[in-house]
Amino acid sequence: MEDCLFCKIIAGQIPGDKVYENEFIYAFRDIDPQAPTHVLIVPKEHMQDMMDPRAPQAIAHMTEAAQAIVRSENLEQAGFRAVLNTGVDGGQSVPHLHMHLLGGRSLQWPPG
Ligand code: DGP
């Protein structure tokens, strides 16, 4: 989509610190990391959020990518958090479906 920040990062029009890519997924480090590892896992196909009818399939691809990144970032043993912020109350600021993958420190619960 023309005006989508993450579509521009996927297209290479805006720089992104890529950690993983395959046919369906592009993953890059968050510009404002909230943990030592903070990666955004994004479907290449634009969709707003997890309520899109295409989201279940996209989230399966995102989970597969997350497993690979967890291993490459050595997070499997200590654990990590995967989050899909959705809509205003969910705190979503970029309207392109994405999974936050956070790890490398002990994370608090509940979130604010
Ligand atoms: P959310 O608030 O859940 O929609 O997450 C959007 C995330 O995107 C937020 O953690 C900050 C990150 N972000 C915003 N702009 C950029 C950018 O230009 N580059 C990168 N790498 N991350 C960005």
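Ligands are counted one by one from 1 in listed order, and the atoms in each one are counted from 1 as well.
Of the heavy atoms in Ile9, only side-chain atoms (C-beta onward) come closer than 4.0 Å to ligand 1.
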Inset, instruction - For Val39 and Tyr20, run side-chain contact (heavy atoms from CB on, under 4.5 Å): C-alpha distance rounded to whole Å, both residues' side-chain angles, the deciding distance at 0.1 Å, then the answer. - result: CA-CA 10 Å; Val39 173; Tyr20 179 93; over 6 Å; no
Inset, instruction - Given side-chain contact (heavy atoms from CB on, under 4.5 Å), test Glu64 with Phe24 step by step and report yes or no. - result: CA-CA 10 Å; Glu64 196 176 16; Phe24 305 104; over 6 Å; no
Inset, instruction - Go through the steps for Leu97 and Met62 under the test side-chain contact (heavy atoms from CB on, under 4.5 Å), then give the verdict. - result: CA-CA 10 Å; Leu97 176 63; Met62 291 156 73; 3.8 Å; yes
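With hydrogens left out, the protein atom closest to atom 11 (C) of ligand 1 is Asp30 OD1, 3.3 Å, a heavy atom. If you check which protein heavy atom lies closest to atom 21 (N) of ligand 1, you get Arg29 O, 2.9 Å. Scanning the protein heavy atoms around atom 1 (P) of ligand 1, the nearest turns out to be His98 NE2, 3.2 Å. In terms of protein heavy-atom proximity, atom 4 (O) of ligand 1 is closest to Ser93 N, 2.6 Å.
Put simply, part of Leu40 is less than 4.0 Å from ligand 1, judged by heavy atoms. Not a single heavy atom of Gln34 lies less than 4.0 angstrom from ligand 1. Residue contacts with ligand 1 leave out Leu84, since none of its heavy atoms falls under 4.0 Å from the ligand.
Other residues, nucleotides and ligands place more than 12 heavy atoms under 6.0 Å from the CD atom of Glu21. Around the CD atom of Gln67, the shell of radius 6.0 Å holds more than 12 heavy atoms that belong to other residues, nucleotides or ligands.
The atoms of ligand 1 that sit less than 4.0 Å from any heavy atom of Gly91 are 1 (P), 2 (O), 3 (O). Shown in contact with Leu5 at under 4.0 Å from a heavy atom are these atoms of ligand 1, numbered in order with element: 14 (C), 15 (N), 16 (C), 18 (O). Residue-ligand proximity, Phe28 to ligand 1, at heavy-atom distances under 4.0 Å covers atoms 20 (C), 21 (N). Those atoms of ligand 1 with a heavy atom of Asn85 less than 4.0 angstrom away are 3 (O).
Considering both main-chain and side-chain atoms, His38 never comes within under 3.5 Å of ligand 1 through any nitrogen or oxygen pair. At least one N or O atom of Ile31, backbone or side chain, sits closer than 3.5 Å to an N or O atom of ligand 1. Considering backbone and side-chain atoms alike, Val94 places an N or O below 3.5 Å from some N or O of ligand 1.
Checked by atom type and distance alone, the side chain of Glu73 never pairs as donor or acceptor with a backbone atom of Gly104 at under 3.5 Å. In this structure, His96 contributes its side chain and Pro43 its backbone to a donor-acceptor pair below 3.5 Å.
Ring geometry for His38 against His100 counts as tilted: the plane angle lies between 30° and 60°, on a 0 to 90° scale.
Note on Ile41: it does not cluster hydrophobically with Leu102, by side-chain heavy-atom contacts below 4.5 Å among ILVMFWY residues.
Exactly one residue among Asp49, Val42, Asp30 makes a side-chain contact (heavy atoms from CB on, under 4.5 Å) with His98. That residue is Val42.
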